Each structure stands twice: as C-alpha cells, then as structure tokens.
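Some notes on the structure that comes next.
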Amino acid sequence: MAYSPLGNKMDTEGEVEVPDGSQIADNQHGVGQYIETGSFKSPVASRESSNIDQNHISEIQQSPEPEVDTKTPETLAKGKREATNVQIGKRSATLFLSSHSLKATSKPKQGITTKTPPPASRTSSNLTQTSSQRKQNITNSIPPNELLQLRVKKEFTFTGYDIMSDVEPVPVIPEEEQTSHAIRQMYTDSCRQVGVIPVRSLTQQLCSPVVQLRCRSLGPKGADALAIALVHNPTVTSLDLEDNGIGSEGAKSLAQMLEVNHNITDVCLAENLVLKEGLCAITDMMKNNFYIQSLDLTGSGFVDSDAYTVADLLENNKILRELILSHNQFGEKGGYVLAQALAQNDTLRIIDLSWNHIRGDGSKSIAACLQKNIGLRKLDISWNGFTAGDCAILGVTLKENTTLKELDLSNNHLGDTAIGFLMKGVQKSDGLEILRIGGNLIIPKMALVILKAIEQSESCRVHTLDMGDTEVDEEFFSIADELQAKGSFEVAHGPVIKRRDLKATAVDGIDGNMDAVYELFKYMSDNNYRVIDLMKWLDKDNSMSISRDEFKKGMITAEVPLTEHQLDILLDKLDVDGDGEVDFKELLLGERMFRRKMRQKKERLRSTKEKAADLRKIVLAAINEKP
C-alpha cells in the first residue's frame, strides 16, 4: 500500500483510491470534516486536550480501503464504525466515530491519463523504504496537472459518546496538612479518652512552636490529655501553662511526657501549686532530660524542705539555663540550701528568687556563693529580707565575681549603710552592668551619692541604674541627663524635687511629676478647709454634686496652685464613676488617700531623720576608703 503526498492511500497499481460518499449521520449527531494529516482528531478532542488511543489510529490507517472508481463521484463502499476511548477534561468517555469514506471534489480533465507503475511485490526491501522514497515514487507516477485537480478529504460522523467512569483525580493533601490533622486528632482522641472537653485555642496551637494557655482552668485531667497529645509532637518547643490549676497530678503527667518528648526546651508551670510531689516528678525527669533550658515554677507553694529537691535538680542537671522560683515560701533555711547548690553549679545563667522570705543565714549564704559561682549572669533577690550585713558580703563578692551582669536588690528595705556597702563593691566590680535598687530607703541625697560613685569610678561598668520610684533632686537629674545624652548610660528614677520659694510655686503651679490630688488636699489642709466646706462653697444648687466646669471655676477663683491641665488630671482622678461630675463621696475618697500618703511620708521621714547624720558619715567613709 502506498500513499500520495497528501496522505491518501494508493492501490497496488499506483492509482489513488478516491472513495466518494459518506455514511449518513443520525439527525441528533454532528458531522465534522478534517483534512487527513496522518492522525485523526475529533471535534471534542480538538477543544479538550484528548488522548486518542494510538492503537486504534494505527488500525484505522492500516485497514484496507474499499476500492473505488476515481472516475465516478458516487460512493462505492461504506466505512466501518470505530469506538475510541478518550480523556475529555477530567472524565473518561468512549467516542463512536466513522472513518469510512474519501471523496474526490472534482474529476480529472479529459485526455489526461494516469500512468500506473507495474505492481510491486511486497518484499522486505519494499517494506523498508522510507516515506520520502514512497512520496517521490507517487509524485513521479501521477502527472502534476492531474494531482492538482484532486482535493481529497476525510469525512467522519460523530455519533456521540458514553460516559464510562469518573476519573477525577483524588486531591493530594500536603504532608504538612496531614501531620497537622494527625496532631489535632490525637489531642481530640486523648480528651475523649480522659473525659474532658478539648480547648479550641489549644487545638490550634499544637501545630505551632509555642503553646501558651494561661488562666484557663485546665485542671489535672486537662493536663493528662495534653500530655498524651504531646508525647510524639514534633512542632512544639515552648509550653506555657501558667495558672491552670494542674496541681501535682498534672505536673506528674507532664513530667512523664517530657521524658519522651525532647523537642520542648521552655516549660512554664507558674501559679499551678505543683507542691512537693510535682517537684519531685519534675526533678526526676530533669535528670534524664538534657533538652529543657528554661523552667518556671513561680507560685508552686514550695517551702524550706523543698529546697533540697531543687538543690538535687541543680546538682544533677547541667543543661538548664534559667530557673524561676519567685513567689514561693523559701526562708532562711531554704536560702542556705539553695546557696550551697548554686556554689556547685556553673551552668545556670539566670535564677529568680524574688518574693520569698530569704533572710539571715540564707541571705548571707546567697551573697557569699557568688565568690565560687562563675556561671550566673542574672540574680534576682528582690522582695526578700537582705540587710546591711548581707550587702557587706555582696560588696566583697562583687569585687571578685566578673561574670554576674545583672543584680536586682529592689524592695529589701535597704538603708544608707547597706547601700554604702553595696556601692563599695559596685565601684570595684569589673563585670556588673545592670543594677536595680528601687523601692529601698534611699533619700535624694543618697541617690546623688550613688550616681556620682558610678560616674567617677574607672573600673565600674554599670550602664543601667534602676532607682524605681525614688525621689531625686535637680542635681541628680542634671547629671543623669548628661550621662544619658552621651548614649552610654540609662537611669530610671522617680519624681524630681525642685527647690522653689512659695511665690514661685504659687505662680508657676505644681511640678508635673507631683500628684494633683495630693496637692489639692494639701492646700486644703494648710488652709484648714474641710471637704464639706469645699462642697458647700462649690455646690450652688445643693445637689451634692459638682460639674467639671463648676469645679474648675471654683479652683481658679480660690487660687489653688494648679494649672488648667493639672485640673483636668485632678478631675479625671476624682471622677471615679466617670459620669462627668464630682460628688461628695468621691471627694471623701480623695481625702482618705491623701491622709494615707501623709502618714506614710511622716513615718518615712521620722525614721530617716533619726539616723541620717550618722549613716551619712558611714557611707561617705566606706566610699572614700582606700583599698
């Protein structure tokens, strides 16, 4: 079988087979025409990227065509119907097509005859002829004029299709989504197993690095369910369950989980009252867990006897970097035990012992342990019972310790003597950088001595001084302002006391750092005004309530030393219920607050004046003492 240059089949005698006519299609189906190009395409397949079975195409091409007389246009034979499986979009279908006829659009001219080559036998040499050779033979055998008159086209009938099956691909779920779903499902199953309701916010956080659930009353059973879900969790690295009432039983479950899960490095169980049993479980776990670096056990109800368990933890774990034991009940004995453990531990970097009852031998031991400890970078012993003797020991240890960077001694009721001993060591310290001493018995003159001692020291490296709400004078403020302007020093302090005469105070008003409520009732006390007298004078309609405008006009008329802006602040503080008016009860409440502050101030001044002269001499002697 040979082919014409247009792809038409030729019989063995070299004549082009030109069947005429086509199968009549059903009225309900469409008929399409395409020029033969060697591959068959359907109308549907031309619109949708179709995959026609190549085996069917080859069978159609190799099937013998019916012999037709090229001189007559009538159809001499009918083709056969073909069924082909194709892919249409996302669905599989069977197309019924006919490939039965070839039709000549015109007859050859009279007098032109086609030379027919002798029949060739189908030998292996003929079969191996290339397509270019076959095309050349056909071109030579058919006259050019005759060839141009032939317009051969393939006609087919599209008779419909049958849907075989829905082969829409199953969506591929990313591996991360599968893992997240498995993690959430594990928590849901564990809650069902334990008998608690899953926490929605917790379910969402289990697929993130940080799980933070505070003040949600999770309880011991909720902690059990969470522990089961976290055993093989690969994503969570920080666990914060502050104030959830998990107790010692919940702490035990979490400790068992942490023996297996080595991804979690930060654990916060603050305000959960884990008590001794929970602490023992955590300590046993920490002996085998070398991944947890931060542990927060604030408000766990620990007493002095529990200090031995904490000491055991510090002696057997060399990975922990931060330990927070704030708001517990460690006293003198507990402080002594903890100090012995700290002296032997060089891997802990931060320890927080604030809001305990450490005093006596306990506070002295903690101050002395810094001579041996070379690992601590931050020591927080605020809100305890340190005294002048403890500060004397701290002053000595700070000279020798070069690794401690931050020391917090706030709110320990330290007087001038204690601060003097402390500053003697701070001046010679080569490592301390942050010092916090706010909330102690420091008067403005003593605050100035502290600042100058740091400024004039050549070896001191303190760049942050936190004085809390300590009152300072103008000289202190001026020096601190200069140091801060250089960008190498930061100072935090309370209000600045400015020395002005009474006339200047009356004209310029109260300093912005002062309390407007305090100044109002101080003015009334100095002039022997009562609250009821003020109310009667300002309340013109006897309603026992004063509007903001009436109050401001009355204060201006009475020449109270307050600016208009300070009067607005005063009214905001007095108007407790926010109704825009100041009534008699609110004025009484403001006076009660003023009386309380006055008593505190008088007690404070009385206690400091008694020892001010002698203590100041001791401080100056300690600072100026030559080594």
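For this chain, numbers begin at 1 and follow the sequence in order. Treat the numbers as computed from the prediction; the structure is a model and nothing was measured.
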Could you tell me whether the side chain of [X] and the main chain of [Y] form a donor-acceptor pair under 3.5 Å?
{"X": "D430", "Y": "C460", "result": "no"}
{"X": "S429", "Y": "V426", "result": "no"}
{"X": "N412", "Y": "L414", "result": "no"}
{"X": "N440", "Y": "H413", "result": "yes"}
{"X": "S300", "Y": "L275", "result": "no"}
{"X": "N317", "Y": "N289", "result": "yes"}
{"X": "S457", "Y": "A453", "result": "no"}
{"X": "D284", "Y": "I282", "result": "no"}
{"X": "H262", "Y": "E259", "result": "yes"}
{"X": "Q293", "Y": "T265", "result": "no"}

Could you tell me whether the side chain of [Y] reaches within less than 4.5 Å of the side chain of [X], counting heavy atoms only?
{"X": "M467", "Y": "I442", "value": "yes"}
{"X": "I324", "Y": "L297", "value": "no"}
{"X": "T298", "Y": "W355", "value": "no"}
{"X": "Y291", "Y": "I264", "value": "no"}
{"X": "K252", "Y": "E277", "value": "yes"}
{"X": "R216", "Y": "V199", "value": "yes"}
{"X": "F476", "Y": "P444", "value": "no"}
{"X": "V194", "Y": "I228", "value": "yes"}

Using every non-hydrogen atom in the two residues, find where [X] and [Y] come nearest and quote the distance to one decimal.
{"X": "F386", "Y": "I381", "answer": "CZ-CD1, 3.4 Å"}
{"X": "K364", "Y": "D390", "answer": "CG-OD1, 2.8 Å"}
{"X": "A388", "Y": "T417", "answer": "CB-CG2, 4.2 Å"}
{"X": "K424", "Y": "K428", "answer": "O-CG, 3.5 Å"}
{"X": "A223", "Y": "G250", "answer": "CB-CA, 3.8 Å"}
{"X": "L422", "Y": "L435", "answer": "CD2-CD1, 4.4 Å"}

If you draw a 6.0 Å radius around [atom1] in [X], do more than 12 non-hydrogen atoms from other residues or ligands fall strictly inside?
{"X": "K276", "atom1": "NZ", "result": "no"}
{"X": "I374", "atom1": "CD1", "result": "no"}
{"X": "K372", "atom1": "NZ", "result": "no"}
{"X": "Y187", "atom1": "OH", "result": "yes"}

Say you draw a straight line from [atom1] of [X] to [atom2] of [Y]; how long is it, rounded to the nearest 0.5 Å?
{"X": "L213", "Y": "S201", "atom1": "CG", "atom2": "OG", "result": "5.0 Å"}
{"X": "L465", "Y": "E433", "atom1": "CG", "atom2": "CD", "result": "14.0 Å"}
{"X": "I351", "Y": "R377", "atom1": "CD1", "atom2": "CZ", "result": "14.5 Å"}
{"X": "Q371", "Y": "E400", "atom1": "CD", "atom2": "CD", "result": "5.0 Å"}
{"X": "L314", "Y": "M286", "atom1": "CG", "atom2": "CE", "result": "9.0 Å"}
{"X": "L448", "Y": "E474", "atom1": "CG", "atom2": "CD", "result": "12.0 Å"}

Verify the distance criterion only: is there a donor paired with an acceptor across the side chains of [X] and [Y] at less than 3.5 Å?
{"X": "Q193", "Y": "D189", "answer": "no"}
{"X": "N401", "Y": "T403", "answer": "yes"}
{"X": "D224", "Y": "S253", "answer": "yes"}
{"X": "D240", "Y": "S238", "answer": "no"}
{"X": "S326", "Y": "N328", "answer": "no"}

Basic-acidic side-chain contact under 4.0 Å: [X], [Y]:
{"X": "R214", "Y": "E271", "result": "no"}
{"X": "D473", "Y": "K445", "result": "no"}
{"X": "R436", "Y": "D466", "result": "yes"}
{"X": "K287", "Y": "D312", "result": "yes"}

Practice item. Go through the steps for L295 and L313 under the test side chain to side chain contact (heavy atoms under 4.5 Å, CB included), then give the verdict. Key: CA-CA 11 Å; L295 180 61; L313 186 154; 4.3 Å; yes

Point to revise | Verdict with supporting geometry, L206 and T235, side chain to side chain contact (heavy atoms under 4.5 Å, CB included) | key: CA-CA 8 Å; L206 286 175; T235 59; over 6 Å; no

Identify each donor-acceptor pair in which a side-chain atom of residues 482-496 lies under 3.5 Å from a protein atom, sequence neighbours left out, and give them as a table.
from : atom 1 : to   : atom 2 : distance (Å)
Q484 : NE2    : V491 : O      : 3.0

Exercise for review: Carefully, step by step, assess F302 and V274 under the rule side chain to side chain contact (heavy atoms under 4.5 Å, CB included).
Suggested key: CA-CA 9 Å; F302 298 150; V274 299; 3.8 Å; yes

Exercise for review: Apply side chain to side chain contact (heavy atoms under 4.5 Å, CB included) to the pair L370 and L394, showing each step before the final yes or no.
Suggested key: CA-CA 8 Å; L370 295 177; L394 268 176; 3.8 Å; yes

Check your understanding: So which of D380, D408, I366 actually passes side chain to side chain contact (heavy atoms under 4.5 Å, CB included) with L353?
Key ->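 Running side chain to side chain contact (heavy atoms under 4.5 Å, CB included) over D380, D408, I366 with L353 returns exactly one hit, I366.
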
Point to revise | L218 and its side chain to side chain contact (heavy atoms under 4.5 Å, CB included) partner, picked from N272, N244, D243 | key: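 Between L218 and the candidates, side chain to side chain contact (heavy atoms under 4.5 Å, CB included) is satisfied uniquely by N244.
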
